[in-house]
Amino acid sequence: MEKYDVLIVGSGHGGAQTAIGLRKQGFHGSIGLLDRSRALPYERPPLSKEYLSGEKTFERILIRPEKFWQDKEIHLLGGSNVSSLDPLVKTISCGNGQEYAYEQLVWSAGGDAKRLICDGSDLRGVHTVRSKEDVDALIDDMKAGTERCTIIGGGYIGLEAAAVFRKLGHEVVLVEAFNRVLSRVTGPEVSRFIQNEHVSREVKIHLESGVRCIEGDGGLLTGVVLETGEVIQTDIVLVGIGIEPCIDALAKAGAETANGVVVDEYCQTTLPGVYAIGDCAAHINPFADGQRIRLESVQNANDMASVVASVICGNFEPYHATPWFWSDQYDLKIQTVGLSAGYDDSVTRGDPSNRSFSIVYLKNGKVVALDCVNSMKDYVQGRRLVETGLVAAREDLADTSRQLKELL
């Protein structure tokens, strides 16, 4: 049985950055980076954008080239999916029969894409976007003469894919269960703006629409049947309705869970010697009024990786990172800083008709988040407003003749 001083499960941003961070901080012990995929560690955000569109090859989205991992003596253990772990003897078992021992375990397994639960959801032509393999399969179907694409879910993944499909000349229909796109992550004004941008590019959007089933012929999908009975004829279905955190092995081993695996301010789980980071880690976040949440973002994965690498190296600096997110759709760059959930007021800064504006979200008078559309300066300067919980007059926030940094 191979043994590692630090064994990392999941080679996405969090796992890869943990390994990189350990070496940067002078950690000389053995490091194993285990993943179900045999591919080199790669960036995930481009999957629904530049990789799907063909603008970037796989080599261009690698986190580091193969030689880097060899030079740093970070052992890539591809093709292994963890089925169980024993926290008492500090071993993990994989579905392929392989077992590994560890001194410290970092769980960065992320999550699996949620699947539709309806008849026909397993037909050929139904796809998700979570891994390179997912997108490769989608691209193969697109090359087979696909014209009509239906997207289930109006979150960032679905909208980014819609922009790519339109750019490639495909017909696109987007189906969203709620009454607006991006309803979970932004306010109504940004939702309306983004929706109008897609509609202006001939994306057909069905709001407040559920999926009854997927129709098919000979194992291949032919259409999406909505709850209303309407049938959308299609060649491809892309499902983007969120993820399920990959925590089964931790839960079965006795780790405390709550919409993810529970971690403390040092990203330690309730299992001895086991850390968890990234999409699957439920942590108390000061930017969410001290609530325990999961953040599905590269920023969160990287910042938690830095915390864990430091803790393993003996530097106990708690996690306290400012949340930020971004999305590219058409020629729009949408950037968010802070968490707007629970806001009670908002201020529009700039004119949406000019396709460059920001929404400042307030709670009890304090700035808690900004959504910035093609407004890099507001995004950069707004970060300090969120971090300080600035209380400012609405007219000052709306005044574009003043830079946000002047309000501090």
Side-chain angles (χ1 to χ4, degrees), residues 8 10-21 23-24 31 33-79 108-113 127-144 146 149 151 155-170 236 238 240 243 277-279 296-306 324-336 374 376 379:
I8 303 166
S11 67
H13 289 272
Q17 291 301 327
T18 300
I20 293 168
R23 289 300 189 228
K24 280 186 176 180
I31 301 175
L33 187 53
L34 186 150
D35 198 276
R36 70 180 71 175
S37 172
R38 295 187 181 277
L40 293 171
Y42 60 92
E43 300 174 13
R44 267 50 176 187
L47 290 177
S48 58
K49 298 186 280 287
E50 299 98 329
Y51 185 70
L52 176 59
S53 68
E55 295 174 33
K56 285 187 176 180
T57 63
F58 180 64
E59 288 68 26
R60 290 184 61 197
I61 67 171
L62 292 176
I63 293 175
R64 293 288 192 279
E66 185 173 11
K67 189 175 186 299
F68 171 87
W69 307 106
Q70 296 170 347
D71 291 347
K72 297 297 182 182
E73 296 185 357
I74 297 168
H75 300 269
L76 302 181
L77 311 171
S108 182
D112 288 326
H127 298 271
T128 58
V129 173
R130 190 64 184 169
S131 67
K132 173 184 181 293
E133 291 79 9
D134 291 338
V135 181
D136 286 344
L138 176 56
I139 291 172
D140 285 345
D141 270 5
M142 291 167 61
K143 289 178 179 177
T146 296
C149 303
I151 298 169
Y156 279 124
I157 291 292
L159 292 168
E160 288 168 358
V164 171
F165 288 153
R166 286 302 298 135
K167 183 177 181 179
L168 296 175
H170 300 294
I236 278 180
L238 176 60
I243 70 167
I277 62 175
D279 293 358
E296 298 171 11
S297 73
V298 172
Q299 163 267 325
N300 178 58
N302 286 346
D303 288 331
M304 283 187 157
S306 296
W324 57 266
F325 316 85
W326 86 95
S327 177
D328 296 323
Q329 299 170 39
Y330 307 111
D331 58 344
L332 301 174
K333 180 169 286 293
I334 305 150
Q335 297 170 291
T336 297
N374 288 342
M376 174 71 79
Y379 169 72

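This one's a predicted model, so the numbers in the text were calculated from it and none came from an experiment.
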request  = Over all heavy atoms of both residues, which pair between L168 and S53 is shortest? Give the atoms and the distance, please.
outcome  = CD2-O, 4.0 Å
note = Tightest non-hydrogen contact, residues G15 and I277, listed as N-CD1, 4.2 Å
query = Under 4.5 Å between any side-chain heavy atoms of R36 and E133, yes or no?
reply = no
message = Donor-acceptor check, side chain of N374 to backbone of K333, threshold 3.5 angstrom: yes or no?
response = yes
ask   = Which heavy atom in I151 sits nearest to a heavy atom in G158, and how many Å separate them?
value = CD1-O, 3.4 Å
query = Say you draw a straight line from CG of D141 to CG of D136; how long is it, rounded to the nearest 0.5 Å?
reply = 11.5 Å
ask   = Distance from L40 atom CG to L62 atom CG, nearest 0.5 Å?
value = 5.5 Å
note = Taking every heavy atom of G14 against every heavy atom of A305, the minimum-distance pair comes out as O-CB, 3.4 Å
inquiry  = Just so I know, are the side chains of Y51 and E43 near enough to count as touching, which here means a heavy-atom distance under 4.5 Å?
reply    = no
note = Value for CG (L238) from CD (E160), rounded to nearest 0.5 Å, stands at 11.0 Å
key: T18 side chain reached by S108 side chain, heavy atoms, under 4.5 Å   = no
message = Could you measure the distance from the CD1 atom of I74 to the CZ atom of R64? Nearest 0.5 Å is fine.
response = 9.0 Å
ask   = Would one find more than 12 heavy atoms of other residues, nucleotides or ligands at under 6.0 Å from atom CD of Q70?
value = yes
inquiry  = Against L76, only a single residue in D35, L33, L34 fulfils side-chain contact (heavy atoms from CB on, under 4.5 Å); can you say which?
reply    = L33
task = Report the distance from atom CD1 of I63 to atom CD1 of I20, rounding to the nearest 0.5 Å.
result = 6.5 Å
query = Can you name the nearest heavy-atom pair linking M142 to I236, along with the distance?
reply = CG-CD1, 3.7 Å
key: Donor-acceptor contact present, side-chain S37 to main-chain A39, <3.5 Å   = yes
query = Would you call R44-D279 a salt bridge at under 4.0 Å N-O?
reply = no
inquiry  = For a 4.5 angstrom cut-off between non-hydrogen side-chain atoms, does E50 reach I61?
reply    = no
ask   = Under 4.5 Å between any side-chain heavy atoms of T57 and R60, yes or no?
value = yes
ask   = Between Y42 and K132, is there a cation-pi geometry (under 6.0 Å to ring centre, at most 45° from the normal)?
value = no
query = Hey, what do you get for NE2 (H13) to CG (N300), rounding to the nearest 0.5 Å?
reply = 12.0 Å
task = Check for a donor-acceptor pair, side chain of D140 on one end and backbone N or O of A137 on the other, with a separation under 3.5 Å.
result = no
message = Contact between E73 and R23 at the side-chain level, heavy atoms closer than 4.5 Å - yes or no?
response = yes
task = Compare all side-chain heavy atoms of Y156 with those of Q329 and state whether any distance is below 4.5 angstrom.
result = yes
task = Taking the side chain as every heavy atom from C-beta outward, state whether F165 and L52 have any atom pair closer than 4.5 Å.
result = yes
